[in-house]
2 protein chains.
Amino acid sequence: MDDEVPPEFELPEFDLYGFTPYRLAVAAKRTSEELARLYRARFGITIPEWRVLVHLAHSGKVSVRDIEARVAMEKYEVSRAAKRLRESGLIERKENPEDRRLVVLSLTPKGREMMAELLPLAKAHQARLEARLGEAFAELEAGLEALLNETK
Amino acid sequence: MDDEVPPEFELPEFDLYGFTPYRLAVAAKRTSEELARLYRARFGITIPEWRVLVHLAHSGKVSVRDIEARVAMEKYEVSRAAKRLRESGLIERKENPEDRRLVVLSLTPKGREMMAELLPLAKAHQARLEARLGEAFAELEAGLEALLNETK
DNA sequence: GCGCTTTCATTGCAGATGCAACGAGATCCT
DNA sequence: AGGATCTCGTTGCATCTGCAATGAAAGCGC
């Protein structure tokens with residue numbers, strides 16, 4: 001008679017370390033944290049704020065909506081990041097006269113100054129990462145490219 | 001005279017979409033969200049809870065400390081996830097008689113039952129992801145492997 | 001054996017986050 | 001024109017999160 005089999009037998013093997021969503025989450029957390037420390041320690045900004053700033057540095061004058069669509073943030077995240085950045089004097093907000101629902105966000109001179117210092121550091125970080133990964137870097141990027149296109 | 005140069009000139013080009021930490025964050029968010037919907041809709045659990053459950057399914061009886069070390073969570077995350085899982089009747093907690101600071105977490109029959117249903121779904125999800133990415137999947141994994149070893 | 005330090009798990013608190021609702025303004029439709 | 005609908009940005013609220021502090025137990029040194 002073989003009833004009372006230990007229930008362990010019913011569970012399939014599953015290796016969390018080989019589970020791609022898990023691996024991605026860990027990888028993202030590690031690289032982001034490294035960077036977040038830099039941003040915060042040196043400039044007192046968070047990652048959502050960083051994303052908004054980068055987009056403004058690149059695109060000049062934009063609305064919350066523009067940023068939302070382009071930097072993978074929800075509009076309320078953009079809105080709150082922008083609020084903090086305004087309070088710090090790094091960006092300013094005007095009203096768009098052509099469509100008064102829209103805001104026009106742009107860097108202040110102070111914000112521009114900070115980005116002039118921060119962007120080279122971010123570039124250096126990217127270069128270090130590429131150097132550290134060597135050959136594997138190109139593979140990682142190719143894989144990410146496929147994944148990002150696929151899940152878009 | 002060339003003072004009053006527009007300040008735009010001072011900012012280096014920077015492409016957020018080519019910035020690896022950003023790409024990783026977006027990729028992780030997308031894949032996790034896909035999965036989180038499954039977990040939540042079907043079983044009412046969150047990702048931290050899922051991680052704890054997987055570890056318990058794999059390792060039998062373990063402490064918070066064990067889990068913390070192995071599934072990239074802080075101990076308070078584990079502790080709170082375990083609390084919710086206990087309240088749902090999916091895991092149980094005993095005291096370790098050999099070291100009474102330690103807890104012994106394990107799946108209840110109900111939890112075991114749920115995992116017997118959930119693990120195959122997770123495997124299927126992984127298989128789908130591999131299929132969708134095709135060639136690029138191996139590259140992604142090779143790149144992640146290097147990154148995870150490098151930043152460990 | 002007895003204080004001192006370390007380890008383990010939990011939790012209070014403050015700040016962050018996500019959802020849904022809101023108000024203001026634009027657009028559409030007849 | 002003007003009511004219904006849609007878009008944009010913000011915010012109230014409940015929940016979640018991360019940090020640091022706590023309490024309980026073990027280990028360590030003398």
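Every chain is numbered from 1 and lettered A, B, ... according to where its sequence line falls, protein lines coming before strand lines.
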* Structure fact -> Bounded by its outermost nucleotides with an atom under 4.0 Å from a heavy atom of chain B, the footprint on DNA chain C reads C:dT7 to C:dG12
* Structure fact -> Applying ring-ring contact (aromatic ring centres under 6.0 Å, His included) to B:Phe43 and not counting sequence neighbours gives none
* Structure fact -> Note: B:Ala25 and A:Ser32 closest approach over all heavy atoms is CB-OG, 4.4 Å
* Tell me yes or no: between the side chains of A:Arg51 and B:Tyr22, is some donor less than 3.5 Å from an acceptor? => no
* When the distance from CE of A:Met73 to C1' of D:dT10 is rounded to whole Å, what number comes out? -> 14 Å
* Would you call A:Arg70 and B:Tyr17 a side-chain contact if the rule is heavy atoms closer than 4.5 Å? -> yes
* Taking for each residue the nucleotide of DNA chain D with the nearest heavy atom, is it A:Val103 or A:Arg80 whose nucleotide lies nearer the 5' end? -> A:Val103
* Asked: B:Tyr76 has an atom OH; how far is it from atom C1' of D:dA21, in whole Å?
  -> 14 Å
* Whole angstrom value for the distance that separates P of D:dG9 from CD of A:Glu95 -> 11 Å
* From CA spacing to verdict: side-chain contact (heavy atoms from CB on, under 4.5 Å), A:Thr20, B:Thr31 -> CA-CA 9 Å; A:Thr20 304; B:Thr31 53; 5.9 Å; no
* Asked: Tell me, do A:Glu113 and A:Thr108 make a side-chain contact under 4.5 Å, heavy atoms counted?
  -> no
* When the distance from NZ of A:Lys83 to C1' of D:dT10 is rounded to whole Å, what number comes out? -> 9 Å
* Whole angstrom is fine here: how far is it from CD in A:Glu98 over to P in D:dC8? => 15 Å
* Structure fact -> Sorted by position of nearest nucleotide on DNA chain D, 5' first, the leading residue of A:Arg93 and B:Thr46 is A:Arg93
* Asked: Rounded to the nearest Å, what distance is computed from the CZ atom of residue A:Arg40 to the C1' atom of nucleotide D:dG18?
  -> 10 Å
* **Closest non-hydrogen atom pair between A:Leu119 and B:Pro12, with its separation** => CD1-O, 3.6 Å
* Asked: Between D:dG9 atom P and A:Ile91 atom CD1, what is the distance in whole Å?
  -> 12 Å
* Find the distance A:Arg86:CZ to D:dG9:P and express it as a whole number of Å. => 12 Å
* Asked: Considering only side-chain heavy atoms of A:Arg101, which listed nucleotide, D:dA25, D:dT10, D:dC6, is closest?
  -> D:dC6
